[in-house]
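So you know, we letter chains A, B, ... as the sequences are listed, proteins then strands, and number each from 1.
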Amino acid sequence: MTETRREQFQALRGMRDILPPESARRRELTQQFITHCERAGYQEVVPPLLEDLGVFLRVGEATDVVTKEMYDFVDKDQTRIALRPEMTAGVMRAFVQHRPVLPWKVWYAGTNFRHERPQKGRYRMFDQLGVEALGVDDADLDVEIIAMASRFFASLGLRQVTLLINSLGEHEDREQYTEAVRLYLLAHQYELSEASQATLERNPLRVLDSKRSEDQQIIADAPLVADYLSEDSANHYARVLAGLDSLGVSYTEDPRLVRGLDYYRRTTFEFAADALDSAQNAIGGGGRYDGLAEAMGGPATDGVGFALGVDRILLACDAEGVFATEPTTLDVFVIDTVSGDAARDITHQLRAAGISADRRFGGGSMKSQMKSADRSGARFALIIGEDELAAHAVTLRPMLGHQADGEQRRVARADLLFELTRYSSQTVTNQINPHPADSASADPTNSGTLT
RNA sequence: GUGGCCGUAGCUCAGCCCGGUUAGAGCGCCAGGUUGUGGUCCUGGAAGUCGGGGGUUCGAGUCCCCUCGGUCACCCCA
């Protein structure tokens with residue numbers, strides 16, 4: 001008789017459930033992103049969630065993302081594998097493995113894992129949208145993808161997004177510059193914050209990213225990468241900027257922009273949402289990674305790409321009050337105050353005909369069923385009571401007050417489908433969850449009349 | 001990973017400083033407001049191991065410790 005208390009589980013730290021209506025909003029966001037990508041000739045690539053640990057080590061031995069934050073473990077066959085902390089490494093591995101025809105322009109939408117201390121806009125499991133374009137050295141490609149991301153943000157309604165851009169130069173340029181920065185910082189080592197001194201030893205460039213106030217003055221006087229760019233790099237960068245100018249994409253040059261993943265060469269950029277706090281205002285970032293394919297054991301191949309953070313984009317949308325969740329809609333909500341037989345059958349038949357329909361289970365009064373209909377967001381309540389049953393008819397009640405929907409009326413069951421499709425051809429559609437309302441895909445035996 | 005703040009009904013929160021009868025509110029949910037009709041209004045109702053564990057005390061939501069989770073800053077990055 002003693003009831004043992006069961007432990008209540010909750011989602012793992014840094015991981016959360018995405019419930020309706022937020023789930024629909026995310027899907028819509030992804031949908032819009034895909035539209036932009038495919039319009040520009042990018043196709044989807046779906047790499048595995050798990051890779052050999054080496055795949056990730058190859059792209060960033062010195063980065064926190066792979067050294068400290070990776071979910072890596074020994075598999076049952078003793079191989080060391082990891083949940084991907086980002087998508088580029090896996091896409092590059094796939095590229096090298098399959099050697100697709102160049103140029104290879106792909107987009108992805110996927111989940112990544114990073115074992116960090118969670119915070120708002122920073123979760124251990126998070127989704128990224130991104131593109132990778134391989135096999136093209138042309139600066140215009142940099143422009144293409146930056147413009148694409150920029151347009152995507154704009155299409156969501158975001159206005160306060162700043163594009164920060166910089167060039168880190170070719171491999172050698174970057175090496176020389178890094179050394180210059182290292183020497184400079186070393187000279188001012190004891191003026192730096194303790195944390196930055198530690199960073200200096202591991203990765204001098206990253207010190208330029210420090211947000212600590214005591215570092216700011218020193219950072220401000222650090223050498224500029226622009227002085228270390230080769231002629232080719234400088235030209236490439238100039239053409240990128242010119243291209244952005246030509247397309248009307250505004251940007252801010254940020255000579256301190258280095259970015260966390262170490263594989264970037266030449267162009268690097270970041271999208272900052274000014275409506276968000278600085279801790280999570282990076283809603284996207286990317287750049288060129290011309291040496292990556294080689295590092296992965298493939299042929300030398302140029303590449304550019306970016307990754308956008310779904311959660312942060314949504315956060316930015318919230319902050320700007322745009323891209324609101326669309327209320328869910330339904331064509332018809334079926335109310336049956338008799339036996340429930342009619343609700344069961346008619347709902348099924350409507351769906352077969354491509355009309356979205358729902359109902360309430362377990363009966364209930366007319367009033368309570370109407371409430372459910374209201375809550376469902378349905379355009380019409382379809383009412384079946386004793387009278388309708390006897391008359392082989394239904395009552396159609398418009399719920400949303402659209403003029404085109406007319407007044408409440410009695411419709412013969414034989415005419416119901418015709419009556420409803422008249423409206424569905426106008427605007428009875430569900431924006432979030434579009435259903436194919438074409439009768440071609442509907443069950444032919446049900447496409448005529450409802451009985 | 002380091003430090004600060006927070007954790008009470010499904011949600012937003014009051015109560016905690018100054019321990020003491022059945023822990024409250026709004027929203028939401030459910031049911032009614034006579035004959036079959038939602039969105040407004042009125043009435044009633046259900047719903048809380050006061051994040052979890054331990055301690056102090058005659059007595060703890062209220063005090064102490066630990067722990068889990070969230071959040072903010074750093075770090076890092078999307």
Remember a base hit wins even if backbone is also touched, and classify A/Gly364 as base, sugar-phosphate or nothing at under 4.0 Å, heavy atoms. nothing
Separation of A/Gln197 atom CD from B/C75 atom P, in whole Å? 14 Å
Tell me the partner of B/G24, counting only Watson-Crick (N1-N3 plus N6-O4 or O6-N4) or G-U wobble (N1-O2 and O6-N3) with both under 3.5 Å; none if nothing fits. B/C13
Side-chain N or O of A/Arg212 closer than 4.0 Å to phosphate OP1/OP2 of B/C75: yes
Gap between atoms CZ and P, on A/Phe126 and B/C77 respectively (whole Å): 11 Å
Euclidean distance for P, B/C18 against B/C77 (whole angstrom): 46 Å
Please measure how far the P atom in B/C50 lies from the corresponding atom in B/U2, and state the result in whole Å. 30 Å
Report which part of the nucleic acid A/Gln369 touches: base, sugar-phosphate, or nothing (heavy-atom distance under 4.0 Å, all strands). nothing
Looking at A/Asp405 and A/Arg379, does any basic side-chain N land under 4.0 Å from a carboxylate oxygen? yes
Any carboxylate oxygen within less than 4.0 angstrom of a Lys/Arg side-chain nitrogen, looking at A/Asp209 and A/Arg206? no
Nearest-Å distance, CD (A/Gln119) to P (B/C72)? 5 Å
State, with a plain yes or no, whether a side-chain heavy atom of A/Ile146 is found less than 4.5 Å away from one of A/Phe271. yes
What is the separation between atom CZ on A/Arg16 and atom P on B/G70, rounded to the nearest whole Å? 11 Å
Just how far, in rounded Å, is P of B/C76 from CG of A/Asp277? 18 Å
Looking at side-chain heavy atoms only, is the closest gap between A/Met70 and A/Leu53 below 4.5 Å? yes
Under 4.0 Å from OP1 or OP2 of B/C77: is there any side-chain N or O of A/Arg206 that close? yes
What protein N or O atoms touch nucleotides 2-6 of chain B N or O atoms at under 3.5 angstrom, if any, and at what distances?
unit_1	atom_1	unit_2	atom_2	d
B/U2	O4	A/Arg117	NH1	3.1
B/G3	O6	A/Arg117	NH2	3.0

Give a yes or no on whether a donor-acceptor pair under 3.5 Å exists between the nucleobase atoms of B/C68, that is its base, and the side chain of A/Arg13. no
Quick check on B/C76: is either OP1 or OP2 less than 4.0 Å from any side-chain nitrogen or oxygen of A/Arg122? no
Result for 5'-nearest mapping on RNA chain B, choosing between A/Val207 and A/Pro118, is A/Pro118
Separation of A/Lys211 atom NZ from B/C74 atom P, in whole Å? 5 Å
Nearest-Å distance, CG (A/Leu315) to P (B/U71)? 10 Å
In the structure I gave you, are the side-chain heavy atoms of A/Phe333 and A/Arg375 within less than 4.5 Å of one another anywhere? no
Can you sort out the partners of A/Tyr42 under side chain to side chain donor-acceptor pair (under 3.5 Å), two or more places apart, ordered by chain and number? A/Glu144
NA contact type, A/Arg124, heavy-atom cut-off 4.0 Å: base, sugar-phosphate, or nothing? nothing
Under a 3.5 Å threshold, yes or no: a donor from one side chain and an acceptor from the other, between A/Glu132 and A/Trp104? no
Quick check: do A/Leu158 and A/Cys317 have side-chain heavy atoms less than 4.5 Å from each other? yes
For the P atoms, the ones on B/G26 and on B/U43, what distance do you get once it is rounded to whole angstrom? 10 Å
Please measure how far the C1' atom in B/U71 lies from the corresponding atom in B/G33, and state the result in whole Å. 45 Å
Looking at B/G39, which nucleotide sits across from it as a Watson-Crick or G-U wobble partner, both distances under 3.5 angstrom, or is there none? none
Looking only at atom C1', what distance separates B/G7 and B/G39, rounded to whole Å? 36 Å
What's the gap between B/C58 and B/C66 when it is taken at their P atoms, as a whole Å value? 24 Å
Using the closest heavy atom to pick a nucleotide of RNA chain B for each, name whichever of A/Glu116 or A/Gln280 lands nearer the 5' end. A/Gln280
Report the base-pairing partner of B/G69 (Watson-Crick or G-U wobble, both distances below 3.5 angstrom), or none. B/C6
Does a side-chain N-to-carboxylate-O contact under 4.0 Å join A/Arg25 and A/Asp318? yes
Under 4.0 Å between any heavy atoms, over every strand shown, what does A/Tyr123 touch: base, sugar-phosphate, or nothing? Just pick one. base
Taking the side chain as everything from C-beta on, heavy atoms only, tell me whether A/Asp341 gets closer than 4.5 Å to A/Leu389. no
Could you check whether A/Thr347 and A/Arg359, counting side-chain N and O atoms only, form a donor-acceptor pair closer than 3.5 Å? no
For A/Ser193, which contact category applies under a 4.0 Å heavy-atom criterion: base, sugar-phosphate, or nothing? nothing
Under 4.0 Å, counting only non-hydrogen atoms across every strand here, what does A/Lys68 touch: a base, just sugar-phosphate, or nothing? nothing
Begin with the C-alpha distance, continue with both residues' side-chain angles, and end with the deciding distance and a verdict on side chain to side chain contact (heavy atoms under 4.5 Å, CB included) for A/Leu192 and A/Thr199. CA-CA 10 Å; A/Leu192 286 171; A/Thr199 307; over 6 Å; no
Taking only N/O atoms, report every protein-nucleotides 36-43 of chain B pair under 3.5 Å with atom names and distance.
unit_1	atom_1	unit_2	atom_2	d
B/G36	O6	A/Asp387	OD2	2.5
B/G36	O6	A/Glu388	OE1	3.1
B/G36	N1	A/Glu388	OE1	2.9
B/G36	N1	A/Glu388	OE2	2.9
B/G36	N2	A/Glu388	OE2	3.4
B/U37	O2	A/Arg397	NE	3.2
B/U37	O2	A/Arg397	NH1	3.4
B/U37	O2	A/Gln408	OE1	3.4
B/U37	N3	A/Gln408	OE1	3.3
B/U37	N3	A/Gln408	NE2	2.8
B/U37	O4	A/Gln408	NE2	2.7
B/G38	O2'	A/Asp374	OD2	3.2
B/G38	N7	A/Arg397	NH2	2.8
B/G38	O6	A/Arg397	NH2	3.0
B/G38	N1	A/Met399	O	2.9
B/G38	N2	A/Asp374	OD1	2.8
B/G38	N2	A/Met399	O	2.7
B/G38	N3	A/Asp374	OD1	3.1
B/G39	O4'	A/Asp374	OD2	3.2

Taking atom P in both B/U62 and B/U49, what distance in whole Å separates the two? 15 Å
Could you check how far CD of A/Gln10 sits from P of B/G7, rounded to whole Å? 16 Å
Please name the nucleotide paired to B/C30 by Watson-Crick or G-U wobble geometry with both distances under 3.5 Å, or report none. B/G44
Span that lies between the P atom of B/G61 and that of B/G19, in whole angstrom: 14 Å
